[in-house]
Amino acid sequence: MQIEDIGFFLGTKEYGENSFIVFVLSKKHGLVKSFSKYSRKELQSLMILDQINFIWKSKQKEGLGFIKINHKKPLNDGVNNFLVSLVKASATELCLNFLAPWEKNKEIYEDLATLVESFKLDNNLIIFNYVWWEIFFLKNTGYGLNLDKCAVSGSSKDLHYISPNSGNCVTLTVGNKYKKKLFRIPECLKNKEKSSTFIDYFNALQIISFFLKKNFDFNINKLFFRTHLINKIENL
């Protein structure tokens, strides 16, 4: 069988002495991993989250097959600063660790395209967009948080806490007597606007870390680049 699609290049993994497996988040087919006939030098010309057109061929869909990259659209070199590099690597880690091959997820693909576009903005907005990309990632993998209304009163006003058990939020009045057991909602999640302090983004990512660990039963410390990004944000 053969497919033609576009997608975001997520990197490579060595396979044996002279072979590589290429990973792509495709628009129509989800996460694709495939053997490549490209040389190490040819693959090194690709950067993660470059947008590519590709053809994948295999005798059967369950096989790895072979990928041929016909065209790439690189990110603007002017936005490849260190923070952007960490954001790119962190988003890539989440896709590779939590998405199953061949599971179409158009929402995650489109959210990633939006995140890539934000790399042209200032650091505050880049981080804001990345935090919300992770929130939407949770939602589109089936583990969304309720950040819109209180799970008890139904009110959309004065939301203040998130339950670590359910992922639902509650108002200050409802949650105050349980506040030691609840997460306080960071301003960037409560108001859906960029924050005036980077520590607010740090707090938001710590909450998301909890739910990634809980929902996927995964050791978050293995996400090397994401951990590095969170530490970077904490010190901005």
Side-chain angles (χ1 to χ4, degrees), residues 8-13 23 25 31 46-50 75-99 108 111-141 143-145 147 160-164 167 169 179-236:
F8 289 103
F9 175 72
L10 299 182
T12 63
K13 179 181 180 180
F23 297 90
L25 181 64
L31 179 64
L46 287 165
M47 302 292 290
I48 60 170
L49 300 192
D50 279 351
L75 292 173
N76 187 323
D77 290 339
V79 299
N80 285 335
N81 60 46
F82 183 60
L83 178 67
V84 168
S85 296
L86 285 177
V87 169
K88 289 164 59 179
S90 182
T92 297
E93 275 186 326
L94 264 64
C95 291
L96 292 176
N97 281 283
F98 300 133
L99 298 182
I108 288 179
D111 290 341
L112 189 58
T114 300
L115 177 65
V116 168
E117 283 298 312
S118 77
F119 295 162
K120 302 172 185 177
L121 305 175
D122 62 66
N123 284 352
N124 188 305
L125 282 171
I126 290 171
I127 298 171
F128 171 77
N129 279 281
Y130 179 73
V131 168
W132 273 96
W133 182 83
E134 285 203 358
I135 289 290
F136 292 138
F137 186 88
L138 279 175
K139 175 184 176 182
N140 291 317
T141 49
Y143 302 107
L145 305 182
L147 298 171
H160 203 76
Y161 299 107
I162 299 174
S163 166
C169 62
K179 62 182 181 181
K180 291 184 179 180
K181 298 180 180 180
L182 303 174
F183 294 122
R184 185 172 178 176
I185 305 176
E187 293 300 315
C188 62
L189 300 184
K190 184 190 299 185
N191 300 326
K192 298 180 174 63
E193 296 178 354
K194 70 176 184 177
S195 177
S196 59
T197 63
F198 287 102
I199 200 66
D200 191 63
Y201 300 131
F202 171 81
N203 292 334
L205 289 169
Q206 292 289 71
I207 292 172
I208 296 170
S209 292
F210 173 86
F211 286 102
L212 286 172
K213 180 179 180 180
K214 175 185 176 182
N215 296 327
F216 290 99
D217 190 23
F218 187 86
N219 181 357
I220 296 299
N221 293 327
K222 291 184 178 180
L223 299 175
F224 173 81
F225 292 107
R226 185 177 183 274
T227 300
H228 199 0
L229 173 63
I230 291 174
N231 290 338
K232 172 73 174 177
I233 291 171
E234 183 182 19
N235 293 296
L236 285 175

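Residue numbers count from 1 along this sequence.
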Quick one, Asn129 and Val87 - any side-chain contact, counting heavy atoms below 4.5 Å?
no
Could you tell me if Ser90 and Tyr130 have a donor-acceptor pair between their side chains, going purely by distance under 3.5 Å?
yes
Heavy-atom distance under 4.5 Å between the side chains of Phe216 and Asn97, does that happen here?
no
Tyr143 ring center near Phe137 ring center (under 6.0 Å)
no
Kindly indicate whether the side chain of Glu193, heavy atoms from C-beta on, has any atom under 4.5 Å from the side chain of Glu187.
no
Quick check against the 3.5 Å criterion: does Tyr201 have a side-chain atom that pairs as donor or acceptor with the backbone of Ile233?
no
Side chain proximity check, Val131 to Leu205, heavy atoms < 4.5 angstrom:
yes
Under a 3.5 Å distance rule, please check whether Asp50 uses its side chain to pair with a backbone N or O of Leu46 as donor and acceptor.
no
Do Asn221 and Lys213 pass the side chain to side chain contact (heavy atoms under 4.5 Å, CB included) test, and can you show the C-alpha distance, the side-chain angles, and the key distance before you say yes or no?
CA-CA 10 Å; Asn221 293 327; Lys213 180 179 180 180; over 6 Å; no
Give the C-alpha distance, both sets of side-chain angles, the deciding distance and a yes or no for ring pair (Phe, Tyr, Trp, His ring centres under 6.0 Å) between Phe183 and Phe210.
CA-CA 10 Å; Phe183 294 122; Phe210 173 86; 5.2 Å; yes
To the nearest 0.5 angstrom, please state how far the CG atom of Asn203 sits from the CD1 atom of Ile185.
12.5 Å
With a 4.5 Å heavy-atom cut-off, do Asp200 and Leu189 have their side chains touching?
no
Side-chain heavy-atom pair Phe98, Phe218 within 4.5 angstrom cut-off
yes
Here the pair of heavy atoms bringing Ile220 nearest to Ser209 is CG1-O, 3.6 Å
Hey, does the side chain of Asn124 reach the backbone of Ser195 with a donor-acceptor pair shorter than 3.5 angstrom?
yes
Between Lys214 and Pro164 (side chain of the first, backbone of the second, donor and acceptor by atom type, cut-off under 3.5 Å), is there such a pair?
yes
Rounded to the nearest 0.5 Å, what's the gap from CD1 on Ile126 to CH2 on Trp133? Could you check?
15.5 Å
Start with the C-alpha distance between Thr141 and Ile108, add both sets of side-chain angles, then the distance that settles side chain to side chain contact (heavy atoms under 4.5 Å, CB included), and finish with yes or no.
CA-CA 9 Å; Thr141 49; Ile108 288 179; 3.9 Å; yes
Does a salt bridge link Lys222 with Glu93, judged by any charged N lying under 4.0 Å from a carboxylate O?
no
Trp132 side chain to Cys188 main-chain N or O, any donor-acceptor pair under 3.5 Å?
yes
Side chains of Leu138 and Phe211, heavy atoms from C-beta outward: is any pair under 4.5 Å?
yes
Is there a side-chain contact between Ile230 and Gln206, using heavy atoms and a 4.5 Å cut-off?
yes
